[in-house]
2 protein chains.
Amino acid sequence: MAHPRRKPHPRKGDVAMDKAVYDAIRRAMLMGRLLPGTKLGEPALARVLKVSRERARKALHRLVHEGWLEAVPNRGTFVPALTIEEVSEIYDVRTMLETAVVQRLCAEHGPPAAQRLKAHVNEERIAFKNDDRGRLFGLSGEFHVLLAELCGNEQLSKLLRGLLTRSTMHFSLAAPERFQNCAGPHDHADIVKAILARDVKKAAKLMLDHLLGLVEMQSAWQPPPSPVRLEEAFRGIAAVRRPA
Amino acid sequence: MAHPRRKPHPRKGDVAMDKAVYDAIRRAMLMGRLLPGTKLGEPALARVLKVSRERARKALHRLVHEGWLEAVPNRGTFVPALTIEEVSEIYDVRTMLETAVVQRLCAEHGPPAAQRLKAHVNEERIAFKNDDRGRLFGLSGEFHVLLAELCGNEQLSKLLRGLLTRSTMHFSLAAPERFQNCAGPHDHADIVKAILARDVKKAAKLMLDHLLGLVEMQSAWQPPPSPVRLEEAFRGIAAVRRPA
DNA sequence: TTAATTCAGAATGTGCACATTTTTCTGCCA
DNA sequence: TGGCAGAAAAATGTGCACATTCTGAATTAA
């Protein structure tokens with residue numbers, strides 16, 4: 001028996017737990033619980049999420065290199081304060097990619113693609129009627145991912161997904177209560193209509209205006225720089241349970 | 001004096017050493033020393049690069065997250081075998097972005113931008129005349145980054161830089177001796193000429209053909225899947241020296 | 001001979017013990 | 001009261017010691 005002073009090792013299949021920690025932090029950011037400037041200390045995170053410090057550490061490192069957080073050596077990792085200029089640049093890149101996407105979809109799309117587009121717009125309409133703002137917000141983002149996926153380019157989908165989450169981060173950080181203004185279903189419906197009609201110029205123009213509108217909306221206010229208590233930020237979403 | 005059995009801690013400023021290890025591996029890949037399927041074992045890497053296992057570990061994790069390497073849990077990290085389809089998809093995304101880039105540059109560019117473009121093309125011409133293939137290869141990549149930078153969008157530059165390195169990886173992995181074929185300076189010179197003439201349609205068309213040509217060239221052969229000895233791969237570039 | 005099994009060696013994964021650095025606190029003095 | 005120097009506490013960074021898992025060669029059975 002010797003000296004069993006060491007904690008029992010976690011069982012196999014804990015690669016998923018890394019992702020759970022990662023997702024927990026990301027979800028907290030997306031829900032607007034972590035305001036810009038907040039410090040995510042390793043001991044505090046480990047305590048709140050009920051994981052070892054190394055696990056929190058690894059998740060933080062990953063989030064830093066993916067651009068979600070900023071790390072200062074020997075100081076800690078912080079929630080970045082995105083300026084409106086950076087957000088605008090991200091939307092600019094999105095414009096380049098997404099206008100190309102709709103142009104391509106106009107040129108080549110089959111019945112199944114048309115079906116999925118119409119179904120999505122319908123879902124958005126339902127969520128809008130039911131005033132289900134959380135779902136509408138999610139659907140709004142998924143719409144842009146859907147367009148990329150319909151192009152059949154895996155690299156494009158992955159890239160655009162990253163761009164999307166990064167651009168919505170600014171939204172979520174500073175005005176989580178304004179989700180309903182993010183995008184009514186009308187813009188998306190019009191874009192789909194243009195695609196189905198194979199009107200290349202109109203579709204591209206609509207997408208351009210749509211993205212420009214989102215930037216303009218966000219440039220209105222400035223995020224209030226005030227930190228927050230981690231315990232409250234992770235209330236209810238700290239559920240790091242290993243999958244069955 | 002107690003028990004000084006522990007190695008002395010590395011001095012301050014070793015955040016740069018992480019990058020050195022990261023760069024060493026990346027350089028080995030770009031030089032085509034690491035063939036697809038090669039396993040990058042942690043002990044072997046640490047031995048070859050003369051660093052601790054944790055450092056090699058961290059660098060490997062970062063490279064995996066960035067898509068340079070592939071990790072199999074409890075198995076190790078490997079050099080990925082990019083299929084021609086994936087490479088083609090990457091070039092497809094690049095086409096979307098870069099045609100937009102040249103279009104924008106046609107619309108708005110000042111004298112300093114024109115100066116930098118002409119200077120770059122001239123450098124390429126010199127390297128081509130001197131038969132300096134290594135330099136020409138480097139310049140060929142930088143040309144595309146330069147175009148992005150001239151747009152003044154930091155996010156775009158960063159994104160395109162990643163795409164560029166990933167697409168050149170396939171090149172380097174399988175045919176490092178064919179660097180000269182990558183891109184003669186003629187294509188780039190023509191593109192610059194069209195941009196300076198503000199001929200939008202022609203510039204976009206030339207960029208499109210340029211990228212399509214690169215894909216077609218690479219789709220000719222298949223990379224030979226054979227591993228390699230790490231000692232030889234890192235010969236000469238294992239120089240992990242801390243900066244002064 | 002071939003296929004399955006066992007077992008030793010190596011490699012990966014992770015908690016922990018420090019060293020180093022930063023931040024906070026306390027006592028002192030102008 | 002306000003500022004400052006030094007010490008204490010906390011946080012970050014890193015090497016190391018295992019536990020766990022994988023590999024592969026030798027052994028055995030069919």
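Note on naming: letters A, B, ... go to the chains in the order of the sequence lines (proteins, then strands), and numbering restarts at 1 for each one. Any value given below was found using the heavy atoms of this structure, including those in side chains, with hydrogens, waters and symmetry copies removed.
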Colleague: State, to the nearest 10°, the angle formed by the axis through the first five base pairs of the helix from C/dT1-D/dA30 to C/dA30-D/dT1 and the axis through its last five.
Modeller: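 Result, rounded to 10 degrees: 10°.
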Colleague: Test: side chain to side chain donor-acceptor pair (under 3.5 Å). Region: residues 74-85 of chain B. Which pairs qualify, not counting sequence neighbours?
Modeller: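 Only B/Thr83-B/Glu85, B/Thr83-B/Glu86 qualify under side chain to side chain donor-acceptor pair (under 3.5 Å).
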Colleague: Under the side-chain hydrogen bond (donor to acceptor under 3.5 Å, both in side chains) test, which residues partner A/Glu123, sequence neighbours left out?
Modeller: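 Partners of A/Glu123 under the side-chain hydrogen bond (donor to acceptor under 3.5 Å, both in side chains) test: A/Arg135.
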Colleague: For A/Pro73 and for B/Glu54, locate the closest nucleotide of DNA chain C by heavy-atom distance; then report the residue assigned to the nucleotide nearer the 5' terminus.
Modeller: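 Looking at the nearest nucleotide for each, B/Glu54 comes out on the 5' side.
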Colleague: Of the options D/dA11, C/dT12, D/dT14, whose atoms approach the side-chain atoms of B/Asp18 most closely?
Modeller: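 Minimum distance to the B/Asp18 side chain belongs to D/dT14.
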Colleague: Which residue pairs pass the salt bridge (charged side-chain N to carboxylate O under 4.0 Å, His left out) test when at least one of the two sits in residues 56-66 of chain A, sequence neighbours left out?
Modeller: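 Salt bridge (charged side-chain N to carboxylate O under 4.0 Å, His left out) check on residues 56-66 of chain A returns A/Asp18-A/Lys58, A/Glu42-A/Arg57, A/Arg62-A/Glu66.
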Colleague: So if I take every side-chain heavy atom of B/Lys39 and compare against C/dT14, C/dA11, D/dT21, which nucleotide ends up nearest?
Modeller: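 Among C/dT14, C/dA11, D/dT21, the one nearest the side chain of B/Lys39 is C/dA11.
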Colleague: With side chain to side chain contact (heavy atoms under 4.5 Å, CB included) as the criterion, how do A/Leu163 and B/Gln155 come out once you've worked through the C-alpha distance, each side chain's angles and the decisive distance to 0.1 Å?
Modeller: CA-CA 10 Å; A/Leu163 247 39; B/Gln155 306 291 325; over 6 Å; no
Colleague: Can you check the B/Leu45 CG to C/dT12 P distance for me, whole Å?
Modeller: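 Going from CG in B/Leu45 over to P in C/dT12 covers 9 Å.
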Colleague: Specify the residue among A/Arg53 and B/Leu40 whose closest nucleotide of DNA chain C lies further upstream toward the 5′ end.
Modeller: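 Comparing both residues, the 5'-ward one is B/Leu40.
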Colleague: How many Å lie between CZ on A/Arg47 and P on D/dT12, as a whole number?
Modeller: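 It is 11 Å, rounded to the nearest whole Å.
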Colleague: Under 4.0 Å between a side-chain N or O of A/Ser52 and OP1 or OP2 of C/dG15?
Modeller: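 A/Ser52 to C/dG15 OP1/OP2: side-chain N or O found under 4.0 Å.
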Colleague: Closest approach to the side chain of A/Arg57, judged atom by atom: which nucleotide of D/dT14, C/dG13, C/dA11 is it?
Modeller: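 Output: D/dT14.
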Colleague: Would you please name every residue forming a side-chain hydrogen bond (donor to acceptor under 3.5 Å, both in side chains) with A/Arg161, sequence neighbours left out?
Modeller: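 Here the qualifying residues are A/Glu149.
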Colleague: Suppose we screen for side-chain hydrogen bond (donor to acceptor under 3.5 Å, both in side chains). Which residues come up paired with A/Arg94, at least two apart in sequence or across chains?
Modeller: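 Partners of A/Arg94 by the side-chain hydrogen bond (donor to acceptor under 3.5 Å, both in side chains) criterion, ordered by chain and then number, come out as A/Glu98, A/His144, A/Ser167.
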Colleague: In whole Å, I'd like the distance from the CZ atom of A/Phe78 to the C1' atom of C/dT23.
Modeller: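 Atom-to-atom, A/Phe78 to C/dT23, this comes out as 11 Å.
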Colleague: If you check every side-chain atom of B/Glu42, which of D/dT12, C/dA11, C/dG13 has the closest atom?
Modeller: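 It is C/dG13.
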Colleague: Return yes if the base of D/dG13 and the side-chain atoms of A/Arg75 contain a donor-acceptor N/O pair under 3.5 Å, otherwise no.
Modeller: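 For A/Arg75, whose side chain was compared with the base of D/dG13, there is no donor-acceptor pair (under 3.5 Å).
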Colleague: Do the side chains of B/Arg27 and B/Asp23 get close enough for a salt bridge, i.e. N-O under 4.0 angstrom?
Modeller: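 Result for this pair is no, no salt bridge flagged.
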Colleague: State whether the distance check finds a donor on one side and an acceptor on the other, under 3.5 Å, for side chain B/Arg55 versus base D/dG15.
Modeller: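 Under the 3.5 Å cut-off, the side chain and the base do not form any donor-acceptor pair.
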